[in-house]
Amino acid sequence: MTTPVTVYVPRDSAALSVGADLVAAEIERAAAEAGRSVRVVRNGSHGMLWLEPLVEVVTERGRIGYGPVEPEAVADLVAAGLLDGADHELCQGVVAELPWLRDQTRLCFARVGVTDPLSPEDYVGHGGLTGLRRALELTPAEVVAQVTESGLRGRGGAGFPAGIKWKTVLETPGELKFVCCNADEGDSGTFADRMLMEGDPFTLIEGMTIAAYAVGATEGYLYIRSEYPDAVRTMRRAIAVAREQGWLGGDVLGSGLRFDLHVRVGAGAYICGEETAMLESLEGKRGMVRAKPPIPAITGLFGKPTVVNNVLTLASVPTILADGAAAYQALGVERSRGTQVFQLAGNVARGGIFETAFGMTLGELIHTYGGGTRTGRPVRAVQVGGPLGAYLPADGLDLPMEYEAFASAGAMLGHGGIVVFDDTVDMAAMARFAMEFCAEESCGKCTPCRVGAVRGVEVIDKITAGQDPDGNLALLGDLCELMTEGSLCAMGGLTPMPVRSALLHFPDDFTARGEKSTGRYEEANS
Amino acid sequence: MASPDPSVTDRVRALVAAHRGDRGALLPILHRIQAEFGYVDSDVVPVLATELNISRADVHGVVTFYTDFRAEPAGRTVVKLCRAEACQSVGAEQLVAYAERTLGIKVGQTTPDGSVTLEQVFCLGNCALGPAGQIDERVHGRLTPARLDALVTKAVDA
C-alpha cells in the first residue's frame with residue numbers, strides 16, 4: 001500500500017466563501033477515481049486570499065500550491081498530476097517560497113495556514129505552548145514586565161500599551177478578575193482576528209492564559225461577533241480540546257494555575273467592539289458605552305478588575321514570552337514595536353494578510369504586494385483603520401505604517417485594515433456613508449453621536465444638492481468638531497475623521513458634482 | 001396582555017435553567033430562543049423577566065438593541081448583503097440594487113410568499129473577496145448578479 005498524499009484545503013471562511021468545501025470533496029472523489037490515496041487536511045488560510053481556494057500538495061520539494069482552484073477544475077487538475085505536484089497554469093510553486101509569504105515576518109500568524117487548527121500535536125510541534133511554559137517559570141510581575149518591555153500596544157485600534165494595562169490589573173486587589181478578549185471585529189477591511197481564530201485558535205487561548213497568569217485572573221471571556229459563525233465553532237472546539245489537554249482548567253500544565261475560558265457571541269451590534277459596550281453586552285445588557293473613568297482595568301466586567309485586549313494583542317503575547325521582549329522590541333520603528341498584521345482589502349488585486357514589522361509604507365503594501373486595484377484602474381483613495389479611519393489620496397501613500405506617523409497626518413493606523421478604492425469612487429457618498437453608519441450603529445447614549453450623525457447625513461445631502469454649499473460646509477465643520485470633542489467614545493468621536501479627510505482631499509466630489517453622476521462604478525465596468 | 005402558550009413558556013424556562021450558572025446569561029439565552037423559534041416573541045419577555053429576576057423593560061431593551069433578535073420570523077431563506085466600505089469599493093451598492101430589483105423587495109423586507117428575506121450587513125470579514133454576502137448560514141465571496149441569482153435559487157429550492 002502506498003503512503004497517502006497529504007493535500008491541504010483551507011477551512012477558513014474566506015476560502016469557504018469561494019468554494020473550498022466543494023474543492024475538498026472533489027479532490028477526495030477525483031483521487032478515489034484515479035485509485036490514489038489522499039489525506040485531506042483542512043488548514044487555515046495563508047492569507048493570500050486572491051488565490052483561494054488554495055490547494056497545497058505535500059511533495060519532496062515542499063508544499064506545492066495551486067490556486068485559485070474552482071470545484072469544476074479539480075478533476076482536470078488531478079488528471080494533470082496535481083497529486084504529484086506537477087506543473088500547471090494554476091500551479092504557484094512552493095508556497096513557503098512565494099515572495100508574498102517570504103517577505104513577511106510572521107509571529108502572530110506563524111502557524112496560520114501551515115497547521116491543522118484543531119490539532120494539539122500540530123500546535124505543540126510548531127512551537128505552541130513555549131510562551132506559556134516560559135511565563136509559568138516567571139512571576140506574574142515578570143511576565144507583565146516582559147510585555148511592557150516588548151513595546152506591545154493594543155492591536156484593536158487604540159494602540160494603548162498592553163503592559164501598562166496589565167500592570168494596573170495586577171496591582172488592583174481582587175478575589176475575582178477577568179480576562180476579556182474583544183473579537184467583535186466589526187470594521188470593514190479587517191479580517192485578521194477572524195483568520196487567527198479560525199486558523200490557529202490555540203495561540204489565542206495561550207495568550208489569554210498568559211494574561212490570566214500575569215494579572216491573577218481565573219475566568220476569561222471571548223466575545224466573538226455573530227457574523228463569524230465559523231470562528232465561533234472553531235474557538236469552541238479548540239477550548240474543548242485545550243481542556244482535554246490540560247491547557248485550561250483547574251491545573252494548567254500542572255502548574256497549579258486555574259483558568260477557564262468561555263465563548264460569548266455578539267448579536268449584531270457594531271458598538272460592542274467598543275470595550276465598555278462589550279463589557280455591558282457580556283453582562284447581558286444593551287451594548288451601551290460606559291463613561292471612563294472608571295477604567296475597565298480597575299472596574300471592568302461585573303465591576304471587577306478586567307484585562308480587555310483585542311485578539312491580535314493577546315495572540316502576540318506567546319511569541320513575546322517565547323522569544324523574549326528584546327527580540328520583539330527589536331522589530332518596528334519609533335514607538336511602534338514588533339509586527340502588525342496588515343489587511344489588504346477592497347478593490348485590490350491581491351488582497352489578504354501581510355504581517356510585517358511596523359514601518360513599511362502604505363504605498364509599498366498596496367502597490368508592491370497588493371498589485372494595485374482589482375479593476376486595474378488607478379487608485380484614488382485608501383481608507384486605513386476601519387470605518388472611523390481617514391481617507392488618504394493616491395498621492396499620500398508614502399506614509400510609514402506606524403501609529404504616530406498616521407496620527408500626525410490626521411489619520412489613524414488603527415488595526416491595520418486597508419481598504420482600496422479606484423477612481424470611480426464618489427467620496428461625498430463615502431463621507432455620507434460614514435455618518436449614515438454612525439447613525440445606524442450609535443448606541444444612543446450621548447447626543448453628539450446619536451443626533452450628530454443624523455444631522456451629518458442631512459447636511460452632506462444639502463451640500464451635494466448644491467444648497468448653500470458654503471454655509472452648509474461651515475455647518476458640517478462645526479458638527480464634526482462637536483462630535484469629535486463631545487462624544488463619549490470613538491464611534492461619535494472618530495466618525496468625523498473619514499468625513500473631514502474626504503472633504504480635505506476630495507472637495508470637488510462635494511461641491512463640483514455637475515460633471516459626475518452616481519453609478520460611476522457601473523459605467524466604468526460596463 | 002395575552003398569556004403565552006404554556007409549551008413555549010416551559011421551553012423558555014428550560015433554556016433559562018440550562019444557563020443558570022452562567023454570568024450575564026441573557027444574551028446566550030436569547031440566542032437559543034432565536035435559534036429555536038426563529039424570532040423572539042414579545043410573549044417571552046415577561047417569562048424571561050420573571051425567571052431572571054429583572055424587569056420586563058430590561059429584557060425588552062436588550063431584545064430590541066441587537067439586530068440579530070427578530071421580532072417576527074424571517075423568510076425561509078435569509079440573504080444578507082454586505083454594504084460596508086470594502087464591499088462598496090467593488091460594487092456592493094450595485095449588487096444590493098440588483099437584488100432589490102429582482103426580488104421585488106427592499107432591504108429589510110420579505111417577499112410576499114415568505115421565501116426570501118433581504119437584509120444588509122456591515123462586514124462579514126470577507127473584505128478581500130467582495131462583494132460578500134451571506135445566504136442562510138453560509139458566506140459567499142466574489143458575488144456577481146449571476147452568482148447571487150444561482151445561489152439564491154439553490155437556497156430557495158432546497
Side-chain angles (χ1 to χ4, degrees), chain A residues 13-14 16-18 49-50 52 185-191 193-194 219 226-231 262 264-270 281-288 301-302 343-348 351-352 374-375 383 387 417 419-422 425 430 433 437 440-441 443 519 521-522 525, chain B residues 19 22-31 34 40 48 52 54 58-70 80 82-95 97-98 119-134 137-143 147:
Chain A
S13 54
L16 299 183
S17 83
V18 285
L49 296 175
W50 73 98
E52 293 294 355
E185 185 182 47
D187 284 359
S188 180
T190 61
F191 42 85
D193 294 355
R194 178 187 62 66
E219 268 181 55
S226 62
E227 291 84 350
Y228 286 180
D230 292 319
H262 308 276
R264 287 294 171 90
V265 182
Y270 172 81
S281 187
L282 279 170
E283 293 183 10
K285 302 173 186 160
R286 291 161 69 90
M288 304 289 277
L301 186 63
F302 297 105
Q343 297 137 81
L344 280 164
N347 195 335
V348 65
R374 193 201 294 176
T375 47
Q383 188 178 33
V419 178
V420 181
F421 294 81
D422 74 10
V425 67
M430 299 317 297
F433 176 75
F437 182 69
E440 177 79 23
E441 298 293 344
C443 81
Y521 183 90
E522 259 177 355
N525 289 284
Chain B
H19 288 274
D22 292 355
R23 296 184 195 274
L26 184 53
L27 257 74
I29 292 167
L30 287 171
H31 273 301
Q34 168 79 39
V40 180
L48 288 172
L52 294 167
I54 51 179
D58 283 334
V59 179
H60 175 79
V62 171
V63 172
T64 51
F65 184 85
Y66 296 97
T67 316
D68 284 4
F69 304 132
R70 298 175 186 281
K80 294 183 183 180
C82 178
R83 298 181 93 166
E85 289 87 345
C87 284
Q88 285 192 38
S89 77
V90 284
E93 287 303 302
Q94 287 72 36
L95 191 68
Y98 174 82
E119 293 181 336
Q120 63 181 4
V121 59
F122 294 111
C123 199
L124 295 164
N126 200 21
C127 318
L129 296 176
Q134 188 176 353
E137 289 307 300
R138 177 55 63 207
V139 175
H140 300 277
R142 295 185 192 130
L143 284 176
R147 204 164 119 74

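Since we're looking at a predicted model, the values are computed, not measured. Protein chains get the first letters and strands the later ones, always in sequence-line order, with residue 1 at the start of each.
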Let me know if A:Glu441 has heavy atoms under 4.5 Å from chain B in its side chain, its backbone, both or neither. side chain
Look at B:Ile54, B:Leu129, B:Leu30 and state which one has the largest set of heavy-atom pairs under 4.5 Å with chain A. B:Leu129
Any residue meeting side chain to side chain donor-acceptor pair (under 3.5 Å) with A:Ser281, in chain and number order, not counting sequence neighbours: A:Tyr223, B:Tyr66
Engaged part of B:His31 at the chain A interface, taking heavy atoms whose separation is under 4.5 Å: side chain
For residues A:Arg286 and B:Thr64, determine if any side-chain heavy atom of one lies less than 4.5 Å from a side-chain heavy atom of the other. yes
Shortest non-hydrogen separation from A:Val18 to B:Arg147 and the atoms involved: CA-NH2, 4.4 Å
Answer with side chain, backbone, both or neither: which region of A:Leu49 has an atom nearer than 4.5 Å to a non-hydrogen atom of chain B? both
Any donor-acceptor pair under 3.5 Å from A:Ser188 side chain to B:Ala86 backbone: yes
If you tally heavy-atom pairs under 4.5 Å against chain A, which of B:Val63, B:Leu26, B:Val62 wins? B:Val62
Counterpart residues, side chain to side chain contact (heavy atoms under 4.5 Å, CB included), relative to A:Cys443 (two or more places apart): A:Ile271, A:Met288, A:Val289, A:Lys445, B:Phe65
Heavy-atom pair of closest approach, residues B:Cys123 and A:Thr190: SG-O, 4.4 Å
Which one of A:Ser226, A:Ser13, A:Ala267 has the most heavy-atom pairs closer than 4.5 Å to chain B? A:Ala267
Residue among A:Ala14, A:Ser17, A:Gly284 with most heavy-atom pairs under 4.5 Å to chain B: A:Ser17
Name the region of B:Val59, side chain, backbone, both or neither, that has any atom closer than 4.5 Å to a heavy atom of chain A. neither
Output yes when A:Glu219 and B:Arg23 qualify as a salt bridge under the 4.0 Å nitrogen-oxygen rule, no when they do not. yes
Taking the inter-plane angle between the rings of B:Phe122 and A:Phe433 on a 0 to 90° scale, is it parallel (under 30°), tilted (30 to 60°) or perpendicular (over 60°)? tilted
Using every non-hydrogen atom in the two residues, find where A:Tyr228 and B:Gly125 come nearest and quote the distance to one decimal. OH-CA, 3.5 Å
Mind ranking A:Val265, A:Leu282, A:Leu301 by heavy-atom pairs under 4.5 Å with chain B and telling me who comes out on top? A:Val265
From CD (B:Gln88) to CD (A:Gln383), nearest 0.5 Å: 9.5 Å
Quick one: does B:Leu27's side chain get under 4.5 Å of A:Arg264's, heavy atoms only? no
Return the minimal non-hydrogen interatomic distance between B:Val90 and A:Asn347, and the atom names on each side. CG1-CA, 3.7 Å
Using a cut-off of under 4.5 Å on heavy-atom pairs, state which of A:Ala269, A:Gly417, A:Gly346, A:Gly186 scores highest against chain B. A:Gly346
What distance do B:Ser89 atom OG and A:Met430 atom CE have between them, rounded to the nearest 0.5 Å? 8.0 Å
Please identify, among B:Gln34, B:Glu85, B:Arg142, the residue contributing the most non-hydrogen atom pairs under 4.5 Å to chain A. B:Glu85
Is it true that atom NE2 of A:His262 has more than 12 heavy atoms of other residues, nucleotides or ligands lying nearer than 6.0 Å? yes
Quick one: does A:Asp230's side chain get under 4.5 Å of B:Arg138's, heavy atoms only? yes
Which bit of B:Asp22 comes within less than 4.5 Å of chain A, counting heavy atoms only: side chain, backbone, both or neither? both
Pick one of side chain, backbone, both or neither for A:Glu283, based on which atoms fall under 4.5 Å of a heavy atom in chain B. backbone
For chain B, which candidate among A:Asp187, A:Leu16, A:Val348 shows the most heavy-atom pairs at distances under 4.5 Å? A:Leu16
